[in-house]
Amino acid sequence: MDTNRRPETMQRITTKALADAFIEEQVAQVRKQVGGRKVLLALSGGVDSSVVAALLIKAIGKQLVCVHVNHGLMRKGESEQVIDVFGKALDANLVYIDATERFLGLLAGVSDPERKRKIIGKEFIEVFADEARKLEGVEFLAQGTIYPDILESIKQAEGKKAVKSHHNVGGLPEDLKFELVEPVKLLFKDEVRVVGEALGLPHKMVYRQPFPGPGLGVRCLGAITRDRLEALREADAILRDEFDKCGLAEKVWQYFVIIPDVKSVGVKDDSRYEGWPAIIRAVNTTDAMSATIEEIPYAVLRKITERITSEVEGINRVLYDITPKPTGTIEWE
Ligand code: XMP
């Protein structure tokens, strides 16, 4: 039997009861596969790796070692949430690595989007591999692979070309050989979320909007500078906060801020103020292959604009990108 194919008879997980049954089955299966040995997991804080972490903590407790690599390109509060939920509430075996300096050092002066992606992806593997080598007796690697990832790999194997290189975490170096543990690989995203809630993860974590592996790195356009990256992180946090307050966060598929490497002349406190524009993107889609624009109410746009221009150092304008995909991609890089 091909264990990478979802059986046609497999019921969709839509309720807590079905999720509980799935969890019970997977807990037993993971215990059987792993025994008393250790499992390593790269915990980004995204939906899939978080659900796998919670499931494995339930199955094997401290035999799971979660490694969270903060590449310095996370959104505001994200790494802190990983520490709060996994390190504190779930008392996981969590290794937190602040690799901000390593990543930003390598990215300095690099403006080509695909080169930025490659640097971030490669460095991520290196930081993670360095950590894995320090740990004794780990024989398994857990991954948050889900069914669409498997379907995508099948498509790529059939020779279909991708527009951007989305796969950030490629293979680990040769000296690190692990057996894989992929408990949610036959699930679709909506099912992973139902399982996550049944495991008791916070609703906000489980229903988090998609966030690219290279993080804010592909939204701080061109060569990343620390001041522009900080402005982006703050502006994005304001957008998310306002979307939370008006209910759009539950409705819109993906919403975020982009900051280009361009300044315009503005005025602040009666003086000339040169600043960057913050560009708002809010899109809806089912498969990310095409996307439509969310029509944000004008009052919400005005509030976001007022807050970003008054609270964020370095920004003097707010723009709203109303281009669907195609012709625009969802991200700008
Ligand atoms: P685009 O910009 O291609 O984005 O329309 C489609 C979806 O993919 C996400 N995206 C990425 N995800 N690594 C990722 O893990 C990447 O390099 C990457 N680039 C884009 C994007 O956020 C959107 O959800």
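Nothing here was measured: the structure is a model prediction, and the numbers come from that model. As a basis for the values below, the full set of heavy atoms in this structure was taken, side chains included, without hydrogen atoms, waters or symmetry mates. One-based numbering along the sequence shown. When a ligand or atom number is given, it counts from 1 through the structure's own listing order.
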Hey, looking at atom 21 (C) of ligand 1, which of Glu114, Arg281, Glu331, Arg117 has the closest heavy atom? Glu331
If I apply the N/O under 3.5 Å rule, does Phe211 come out as touching ligand 1? no
According to side chain to side chain donor-acceptor pair (under 3.5 Å), who are the partners of Glu131, at least two apart in sequence or on a separate chain? Lys134
Under 3.5 Å, N or O to N or O, is Ile330 touching ligand 1 that way? yes
Tell me, please, which residues at least two apart from Arg226 pass side chain to side chain donor-acceptor pair (under 3.5 Å). Glu101
Can you name the atoms of ligand 1, numbered from 1 with element, that are less than 4.0 Å from a heavy atom of Pro214? 13 (N), 16 (C), 17 (O)
For the student: nearest non-hydrogen atoms of Thr309 and Glu306, plus distance: OG1-O, 3.3 Å
Should the ring pair Phe103 and His71 be called parallel, tilted or perpendicular, given that the plane angle runs from 0 to 90° and is split at 30 and 60? perpendicular
Which of the atoms of ligand 1 are close to Thr329, meaning less than 4.0 Å from one of its heavy atoms? 1 (P), 2 (O), 5 (O)
Is a donor from one side chain sitting under 3.5 angstrom from an acceptor on the other, for Thr323 and Asp321? yes
Report yes if some N/O of Gln254 lies less than 3.5 Å from some N/O of ligand 1; otherwise report no. yes
Are Trp253 and ligand 1 in contact, using a heavy-atom cut-off of under 4.0 Å? yes
Can we say Glu197 and Lys16 salt-bridge, meaning some charged N sits less than 4.0 Å from an Asp/Glu carboxylate O? no
Please identify which atoms of ligand 1 are closer than 4.0 Å to at least one heavy atom of Lys325. 1 (P), 3 (O), 5 (O)
